[in-house]
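Structure first, commentary second.
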Protein chains: 4
Amino acid sequence: MSAQRSAQPAPGKSAPDSTRRSEKSRRAIYDAALALVVEVGYPKTTIEGIAARAGVGKQTIYRWWSSKADVLMEAFLDLAERSQQEASAEPVSYTFPDTGDIAADLKTVLRATVDELRDPRFEAPSRALAAEGVVNEQLGRELVAKLLQPSLDLYMDRLRAAQAAGQVREGLDLRIALEFFISPLAQRWLQHTGPISHEYTDTLVDYALHGLAPR
Amino acid sequence: MSAQRSAQPAPGKSAPDSTRRSEKSRRAIYDAALALVVEVGYPKTTIEGIAARAGVGKQTIYRWWSSKADVLMEAFLDLAERSQQEASAEPVSYTFPDTGDIAADLKTVLRATVDELRDPRFEAPSRALAAEGVVNEQLGRELVAKLLQPSLDLYMDRLRAAQAAGQVREGLDLRIALEFFISPLAQRWLQHTGPISHEYTDTLVDYALHGLAPR
Amino acid sequence: MSAQRSAQPAPGKSAPDSTRRSEKSRRAIYDAALALVVEVGYPKTTIEGIAARAGVGKQTIYRWWSSKADVLMEAFLDLAERSQQEASAEPVSYTFPDTGDIAADLKTVLRATVDELRDPRFEAPSRALAAEGVVNEQLGRELVAKLLQPSLDLYMDRLRAAQAAGQVREGLDLRIALEFFISPLAQRWLQHTGPISHEYTDTLVDYALHGLAPR
Amino acid sequence: MSAQRSAQPAPGKSAPDSTRRSEKSRRAIYDAALALVVEVGYPKTTIEGIAARAGVGKQTIYRWWSSKADVLMEAFLDLAERSQQEASAEPVSYTFPDTGDIAADLKTVLRATVDELRDPRFEAPSRALAAEGVVNEQLGRELVAKLLQPSLDLYMDRLRAAQAAGQVREGLDLRIALEFFISPLAQRWLQHTGPISHEYTDTLVDYALHGLAPR
DNA sequence: CCGTAAGCGAGACGGTACGTCTTGTCTTGTG
DNA sequence: CACAAGACAAGACGTACCGTCTCGCTTACGG
């Protein structure tokens, strides 16, 4: 992904030949990066440390990625992909449950999200990336596009179905409606403004749907 | 503020005597820190740089603050205080408008918030601190307590008044209700998930109040 | 001594009033300086360390001395004076033995010198001062004048007496003759070019007197 | 030389690979160190200053040397080697003149030594190293072994030849005899106890040989 | 005998250098 | 030619001292 960026002409520097890239090194770097972020935290995770732990030369990292955040982002995307493939038969894309009961479906998904946000394997790198994205707009947008947007699209689809089924008022901007479910949880998690739990997301769904329901 | 922290026993290191602290240096450090964050960004803002720009020895920074984030947080709190005092007759505390129309009042305040989030003087340090808070829970909580909570309390008061006036349904958890106004804006700003504008926050208020209104 | 230097007009800075000087502080500073040089070595002996150990403000040191070497020099002179007063009835000045046998007398004195050079109470500060004097000519000359010269004068007197008694050839430059006894020992001690012992100095005396004896 | 020291196991820190060492940096560091010692004096010569002047990172100094004194010692040894190679056809070792007249030969060599001690290119670093050696026994012994001993050996050889030729008494300890020529000059130079000149060393030779001559 | 001006302990201050750590580039061999 | 290894220039880190500068507090003197 970053390799795509690097594959751009990159004036003056001839781009590396990605066909000869060592898959073993890539894996080792991902693993080292994620492990270090979990163990010592993002700020103390250094490129040198990743290289040493991965048994890789520093140049191998600089050749393929442009920054520590870039490494971590790819490592995390890879982690997310792999753990999805574990969890589901379908290779790449999540599916959003559709039992016909929009409230129940949203609660199910949000409960799963809460669990994920609390899983320490995910929490450390997610926070690190989120923090980086707050300050670095380019990386932030990339994160949103690659990590967040796919999920949001599934929500949107489900909400559209609910709207078609008359469970959500006509004419609503679903992008904004969606935020009533997502953003409060996001903010509590990002800014430590409150505890997150299944009860909390359930309440969120109830309150928000109340406002979205047809009159 | 940091002085209060430093006033804790601080085992092994005798705490500095805050009565002899140089006010001039403190001011110069605040100004330098804020200016540098705006000019070169948070990661490239260094303690050495702040010291040099403030015309101050590094030790004077390390004596009174524990980290770059700590310096910036106090500098920002100080900035916030000063710009409030400029803006209002009342010395320290904001007031939340209460025209009797909860929708209008919320829109007013949120529009002001949008303006503030876009003011470059505020944006750079706020983002830096927010990012730091995402990753560093202790600092995150401190930020929330000192910067966010006072504002949230004013929202809560206003919502309670609206509830008393019958504009908001009885029995609602206002802390959660509040998040419908605050969190979507916060997330859009923090994560660059969407544009923020007066129109957006107006819509937010309309949608959210719809769900909170009495049946 | 340094007070005498400081008592010079010192343009711009009014000289401190030495009549009001705290004797207790001076003593404490001497003791601290000597103890630290013995314990941690000269380079790691700092003015701050001396002040802290002496329970004295830094300014009290800077008021009366111009440098670490200056403090140590006075402290050492004081030590030398005190240990002389212990050792002899006569208050200040050494005496050089005169048994009529120049060889025996020189051997006696040089043996005592060897013992002193090996006394750890003296060795650390002496080396420190000597080293400083190698590099800092002004201090070096001061050291020679105050510490070395008085002893050398006694040697000269004794050699003159020996010359009068016909034990040393007429017409010799005694200042140079003297160096045959003193310098080899000095060099061995200063530069670690060889071991120093009573046997060594005895041999030195024998060899040297051989060259100085009348033909 | 330091590389040899560094080649010791050096527990915990893997030793740097001296085959990849930058010769250019080494030269630049030597030059900078010597120049700074001459220009600003040893105490004001800092590692940072050397690095800056040599256009070298500080780490490059710390990688190969353990202290300022260590750098200077190697720089000085290198200087000494280079200026010997300039002066003589024979690559490394000095030669001591042997005209058959021991007095004349000693005077020649000592006059040359006096000239060297007064050459400002040599004086500043020599004094700095000598001073360091007074206080730091390990470094002192290293200095003696590497700088002084080779010269002393040549003296010894010459004295042995003189002894064989009947110009010096049998049975004398030549190591001690040697000191009559060397040490007085050394002390005058080190401790500023007297002026040094060709006349002085000539006298020294005359007086000392007098005592060493056969009866 | 009382104020006032020193010396004093304390320690904050603007600085400089320390020795360490990391960055991103470059170089040297190996596979 | 990608790679592991790691030397290199650069520069920030947090610490230790430097020498100067207030602070209050004795402490002795001089009006």
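Each chain gets a letter, A, B and so on, in the order the sequences are listed, and its residues count up from 1.
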Grab the two heavy atoms, one from Val56(B) and one from Thr60(B), that are nearest each other, plus how far apart they are.
CG1-CB, 3.9 Å
List the residues meeting side chain to side chain donor-acceptor pair (under 3.5 Å) with Ser22(D), not counting sequence neighbours, and say none if there are none.
Ser25(D)
Residues 33-45 of chain D vs salt bridge (Lys or Arg N to Asp or Glu O under 4.0 Å), sequence neighbours excluded, gives Glu39(D)-Arg53(D)
Taking all heavy atoms of Leu129(C) and all of Ala69(C), pick out the closest pair and write down the distance.
CD2-O, 3.9 Å
Where the side chain of Thr60(B) is concerned, which of dA2(F), dG14(E), dG24(E) is the nearest nucleotide?
dG14(E)
What residues from residues 35-49 of chain D pass a heavy-atom cutoff of under 4.0 Å to DNA chain F?
none
In whole angstrom, give the distance that lies between atom CD1 of Ile50(B) and atom P of dC13(F).
8 Å
Let's see if you can work this out: which of dC13(E), dG9(E), dG19(E) has an atom nearest to the side-chain heavy atoms of Ser25(C)?
dG9(E)
Reading nucleotides 22-31 of chain F 5' to 3', which nucleotides get B (base under 4.0 Å from a protein heavy atom), which S (sugar-phosphate only), which -?
BB---B----
Arg27(A) atom CZ is separated from dC3(F) atom C1', nearest whole Å, by 18 Å
Nearest heavy atoms of Ala54(B) and Ala28(B), plus distance in Å:
CB-O, 3.5 Å
Could you tell me how far apart Asp70(A) (CG) and dG24(E) (P) are, to the nearest whole angstrom?
12 Å
Can you measure Lys68(D) atom NZ to dC18(E) atom P for me and round it to whole angstrom units?
7 Å
What is the distance, rounded to the nearest whole Å, between atom CD1 of Ile61(B) and atom C1' of dC13(F)?
13 Å
Ignoring hydrogens and angles, are the base of dG15(E) and the side chain of Lys58(B) linked by a donor-acceptor pair under 3.5 Å?
no
Which residue lies more 5' along DNA chain E, comparing Gly57(C) with Val56(B) via nearest heavy atoms
Gly57(C)
With sequence neighbours excluded, tell me which residues meet side chain to side chain donor-acceptor pair (under 3.5 Å) with Glu137(B).
Arg141(B)
Atom pair CD/CE of Glu132(D) and Met73(D) - distance to nearest 0.5 Å
11.0 Å
Rounded to whole Å, how long is the line connecting atom OH of Tyr62(D) with atom C1' of dC13(F)?
14 Å
Roughly, in whole Å, what's the span from CZ in Arg53(A) to C1' in dT22(E)?
18 Å
Using the six-membered ring of Trp65(B), assess whether NZ or CZ of Arg26(B) lies under 6.0 Å from its centre and within 45 degrees of the ring axis.
no
If the cut-off is 4.0 Å, is Trp64(A) near the phosphate of dC3(F), judged by side-chain N/O to OP1 or OP2?
yes
Out of dG7(E), dC13(E), dC3(F), whichever nucleotide has its closest atom nearest the side chain of Arg63(B)
dC13(E)
Any residue meeting side chain to side chain donor-acceptor pair (under 3.5 Å) with Arg27(B), in chain and number order, not counting sequence neighbours
Asp78(B)
Pairwise 5' ranking along DNA chain E for Glu23(C) and Ser67(A), keeping only the more 5' one:
Glu23(C)
Distance in angstrom units between Lys24(B) NZ and dG14(E) C1', rounded
10 Å
Taking Lys68(C) for its side chain and Thr45(C) for its backbone only, find out whether a donor-acceptor pair lies under 3.5 Å.
yes
DNA chain F nearest-nucleotide lookup for Gly55(A) and Gly55(D): closer to the 5′ end is Gly55(A)
